[in-house]
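In this text the structure is predicted, and so the values were computed from the model without any measurement.
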There are 2 protein chains.
Amino acid sequence: MTRPTVNDIAREAGVSLATVDRVLNARPGVREKTISAVNDAIARLGYVRDLAAANLARSRSYRMVVLLPASDSQFVTTLAAALDDAAALAAATRTEMRLLRYPPEDMHVLASTLAALDPDDVAGVGLMAPETPVVRDAVRALRARGIPVVALASDLPNTARDHFVGIDSHAAGRTAGVLMGRFCRGLTGSILVLADSMLLRDSIERRRGFDEVIQTEFPALTVLPTLETHGAPDLLHRLAGDRLAATPDLAGIYLLGSGHRALAALLRDRGLLGRFVVIGHELTPHTRAALMAGHLDAVIAQNPGHLARSALRVLRAKADRQPIDEGQERLRIEVVIRENLPPESPEPGPRSLS
Amino acid sequence: MTRPTVNDIAREAGVSLATVDRVLNARPGVREKTISAVNDAIARLGYVRDLAAANLARSRSYRMVVLLPASDSQFVTTLAAALDDAAALAAATRTEMRLLRYPPEDMHVLASTLAALDPDDVAGVGLMAPETPVVRDAVRALRARGIPVVALASDLPNTARDHFVGIDSHAAGRTAGVLMGRFCRGLTGSILVLADSMLLRDSIERRRGFDEVIQTEFPALTVLPTLETHGAPDLLHRLAGDRLAATPDLAGIYLLGSGHRALAALLRDRGLLGRFVVIGHELTPHTRAALMAGHLDAVIAQNPGHLARSALRVLRAKADRQPIDEGQERLRIEVVIRENLPPESPEPGPRSLS
DNA sequence: TTGTAAGCGTTATCAT
DNA sequence: ATGATAACGCTTACAA
């Protein structure tokens with residue numbers, strides 16, 4: 001009736017508790033024969049280990065470090081908030097998080113921060129950073145010192161990071177492309193593309209996915225060269241304004257990064273609000289407002305709450321060398337329009353007081 | 001540095017462990033004065049109780065019951081599989097699940113099953129059922145006996161269920177409507193609507209949301225009366241076939257429920273595959289295949305894995321009278337097209353063996 | 001009204 | 001290579 005415990009296994013297998021534990025945790029110093037005896041007992045009894053008890057006994061706590069660029073991007077801000085919420089929740093499982101920010105323009109600062117991390121003080125590192133050589137090396141060094149690393153939001157594929165939690169930018173770009181194409185049904189014309197910077201791999205991949213789809217499936221549309229706004233509203237206003245004037249057949253606008261407010265302002269200036277199909281990325285207060293106002297038609301997004309919780313869960317699993325639940329940790333490429341906009345999270349999440 | 005425990009409180013307050021426990025759990029038999037002494041110590045030390053340890057000591061386990069209709073609908077099948085996966089995961093936290101099926105046409109069987117549930121054998125009930133008077137009464141009775149109830153996928157708003165885990169059908173219908181309208185840009189014509197049955201509240205609400213959007217935002221489109229197919233492919237073939245022939249200006253098809261394969265077969269028969277915008281609900285093997293083949297343009301879905309995990313987490317929280325994390329438990333109204341189709345879950349989820 | 005001590009299911013530290 | 005035994009933070013008889 002009641003669930004089998006390690007004691008039951010020990011009795012059934014005719015060994016001691018300690019041996020069962022050794023087998024359970026794949027610790028060395030057990031004969032092959034004993035191992036299989038224990039495993040047999042486990043299978044026979046249908047044992048499943050009580051995680052809570054295990055963690056209690058370990059009384060181990062997990063100090064995670066998460067590094068985000070100190071940019072004022074709304075996505076980063078949103079993610080930081082989500083991480084704080086997730087950390088409050090994870091505290092119940094002895095997992096705490098230190099959230100650090102690094103100057104976005106200097107990867108050397110980031111690298112030295114990472115290099116200074118003490119392997120027996122930090123159980124894992126979450127990192128959102130562009131994949132520059134400096135970063136690559138820093139991540140490799142971290143892993144060499146036995147600290148698990150997960151890449152957040154932006155992947156670091158060539159660093160042997162333990163895991164990536166986020167969405168595939170290329171597929172996200174394709175998704176944006178299909179929506180743009182279909183929302184422009186019947187139209188012949190150009191698509192204006194705005195990015196913060198085309199040096200970031202995510203932007204490049206989004207653009208590549210977008211182009212692929214438009215070229216092969218929507219030949220009536222032409223994607224214009226990307227304008228780089230470097231997060232500067234005035235620059236966007238000028239560059240996009242010029243392009244707008246020079247493009248009489250404009251059908252749609254694709255924002256790879258930020259700039260939603262500046263774009264809306266520009267279009268309003270010109271009396272063009274609502275005249276084009278506009279598609280962007282990430283759900284932030286700005287894009288949310290734009291969706292509600294009808295200035296933005298769709299957003300391709302990843303759920304920051306899920307991202308944050310997943311990051312902490314995965315880090316913890318890695319720290320424990322436990323497998324992760326692929327299904328639970330896989331982020332979806334979300335399509336958000338006004339009608340399925342999730343309600344603005346009202347409370348900052350219950351800070352589990354009692 | 002380390003978190004304070006009950007022992008620390010006891011020492012700080014100059015009382016014994018047992019007294020601290022009595023105060024913590026609001027048990028009787030403690031002087032007012034002692035109570036406040038303990039509470040002071042708790043506040044001073046910033047104690048936060050370790051729930052896992054508490055539950056371990058209680059050696060409490062949570063036996064949940066989930067009831068699904070015994071229909072052969074693919075969504076229900078998918079959900080059942082997701083629940084089994086979630087249960088395998090939840091087993092590590094002393095939460096087990098019994099998955100029961102009831103004959104979909106007879107709510108009295110369901111009601112008597114619910115009535116037979118023993119309050120000190122089952123810690124919570126998850127229920128997917130239409131909201132008939134019989135069901136309403138059964139749910140009320142359950143709650144009166146102190147068993148928490150969460151509604152799954154389909155809400156039971158007038159039963160005082162503890163929680164609903166699923167998406168808002170009305171908003172889902174509106175989302176479908178917007179996509180239909182936008183994908184039909186420039187077209188003037190009719191939309192064929194197919195449902196299993198219009199007796200189900202979810203279908204009614206989806207349709208209502210869909211109509212609202214089309215009528216107010218896409219006046220060039222006309223939504224035809226719903227055809228009820230009762231899950232019967234031949235009936236769908238006949239009814240939809242007739243309507244198809246009688247509707248020369250058909251622009252789109254909206255499937256409120258199942259029937260994707262039958263519809264594809266019909267359209268193929270008539271050489272009409274790919275001629276209309278087709279939008280449906282829920283991601284199942286059939287809709288997935290249809291999306292991949294290009295016979296279906298978009299699906300409005302809720303994530304069954306999330307639904308299942310959320311249901312079990314919420315039931316557990318309710319059983320413990322703990323607050324739930326709104327952010328984590330809120331399901332998104334997902335828009336799935338070919339480009340953001342999540343990969344088919346390869347493994348049935350790690351059955352946490354070790 | 002309060003305290004003592006024995007668990008709960010694991011893990012970890014010694015012995016053997 | 002294996003076994004006792006004492007934690008881990010909390011609850012719960014049973015005593016006092």
side-chain hydrogen bond (donor to acceptor under 3.5 Å, both in side chains) partners for A/R332, two or more places apart: B/E334

Pairs satisfying salt bridge (Lys or Arg N to Asp or Glu O under 4.0 Å), at least one member in residues 115-128 of chain A, at least two apart: A/R63-A/D121, A/R98-A/D121

Main-chain N/O of A/N158 paired with A/E131 side-chain donor or acceptor, under 3.5 Å: yes

side-chain hydrogen bond (donor to acceptor under 3.5 Å, both in side chains) against A/S154, all qualifying residues, sequence neighbours excluded: A/D202

Qualifying residues under side-chain hydrogen bond (donor to acceptor under 3.5 Å, both in side chains), relative to A/D162, sequence neighbours excluded: A/R143

Residues forming a side chain to side chain contact (heavy atoms under 4.5 Å, CB included) with B/E12, sequence neighbours excluded: B/A41, B/R44, B/L45

Phosphate OP1/OP2 of C/dT2 contacted by B/T34 side-chain N/O (<4.0 Å): yes

Inter-axis angle, terminal five-pair segments of the helix from C/dT1-D/dA16 to C/dT16-D/dA1 [nearest 10°]: 40°

Below 4.0 Å: OP1/OP2 of C/dT2 and any side-chain N or O of B/S16: no

Set of residues satisfying salt bridge (charged side-chain N to carboxylate O under 4.0 Å, His left out) with respect to A/R161, sequence neighbours excluded: A/D155

Partner set under salt bridge (charged side-chain N to carboxylate O under 4.0 Å, His left out) for B/R140, not counting sequence neighbours: B/D137

Rounded distance (Å) that lies between atom C1' of C/dT2 and atom NZ of B/K33: 14 Å

Distance in angstrom units between A/R60 CZ and C/dT10 C1', rounded: 15 Å

Partners meeting side-chain hydrogen bond (donor to acceptor under 3.5 Å, both in side chains) with A/R22 (sequence neighbours left out): none

Qualifying residues under salt bridge (charged side-chain N to carboxylate O under 4.0 Å, His left out), relative to B/D8, sequence neighbours excluded: B/R11

Touch class at under 4.0 angstrom, heavy-atom based, for B/V20 against every strand present: nothing

Check nucleotides 7-11 of chain D against the protein and report each pair of N or O atoms closer than 3.5 Å, with its distance, or say if there are none.
from   : atom 1 : to    : atom 2 : distance (Å)
D/dC8  : O2     : A/L56 : O      : 3.4
D/dC8  : O2     : A/A57 : N      : 3.0
D/dG9  : N2     : B/A53 : O      : 3.4
D/dC10 : OP1    : B/Y47 : OH     : 2.4
D/dC10 : OP1    : B/D50 : N      : 3.1
D/dC10 : OP2    : B/V6  : N      : 2.6
D/dT11 : OP1    : B/R49 : NH2    : 3.2
D/dT11 : OP2    : B/D21 : OD1    : 2.5
D/dT11 : O5'    : B/D21 : OD1    : 3.3

Contacts under 3.5 Å, N or O only, protein and nucleotides 14-16 of chain C:
none

Exercise: do B/N303 and A/R330 side chains pair donor with acceptor under 3.5 Å: no

